[in-house]
Amino acid sequence: MPIDAKLPYDEGNIFARILRGEIPCKKVYEDDFALAFHDIAPQAPTHVLVIPKGPYVSWDDFSAQAPDALIAGFVRAVGHVARDQGLDVPGYRLLANMGQDGGQEVPHFHVHLFGGRPLGPMLAR
Ligand code: AMP
């Protein structure tokens, strides 16, 4: 069920619980700014989620409210994970769903990293 991304941050959302270590994840990378882990329902041979370490609901919230150092650290972490997964040469796709029309379901900002095969058209028609 897509979320209303203008709601206040919910400390009980599933990714907040993963960040606090209350729920396990298949971690692929962590630093001061970001945590990356395998999506539980992968839609490509590689499907990793990268989340910032901070209470941001969505891209809208993160881009407007996060400090510059966190934004920079998060972007670098996404690039690092993609290279670490061996996706930089064949290429990959990044996706951030935002709000209801974007189809966002988890109200903690995250970027999907897809790769491992040609990914086809950008959007389903
Ligand atoms: P979105 O629609 O962009 O909010 O995507 C949420 C993603 O989180 C989906 O691809 C889910 O499969 C994934 N997901 C939900 N719960 C978990 C979990 N516990 N561990 C890993 N991925 C999850």
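Each ligand, and each atom within it, is numbered from 1 in the order the structure gives.
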Donor-acceptor contacts, no H, no angles, side chain residues 67-83, under 3.5 Å, sequence neighbours left out:
none

* **Sole candidate of F62, Y9, Y56 that passes ring pair (Phe, Tyr, Trp, His ring centres under 6.0 Å) when paired with F109** => F62
* Mind jotting down which residue pairs meet the salt bridge (Lys or Arg N to Asp or Glu O under 4.0 Å) criterion with at least one end in residues 35-57? Sequence neighbours excluded, please. => E30-K53
* To do: Sort out the contact shell of ligand 1: every protein residue with a heavy-atom distance below 4.0 Å, listed by chain and number.
  => I14, F15, I18, F37, H38, D39, I40, A41, L49, N97, G103, Q104, E105, V106, H110, H112
* To do: Could you tell me whether the side chain of Q85 and the main chain of L113 form a donor-acceptor pair under 3.5 Å?
  => no
* Asked: For I40, which fellow cluster members are found when Ile, Leu, Val, Met, Phe, Trp and Tyr are connected by side-chain heavy-atom distances below 4.5 angstrom, either directly or through intermediates?
  -> none
* Donor-acceptor pair, side chain of R20 and main chain of F15, under 3.5 angstrom -> no
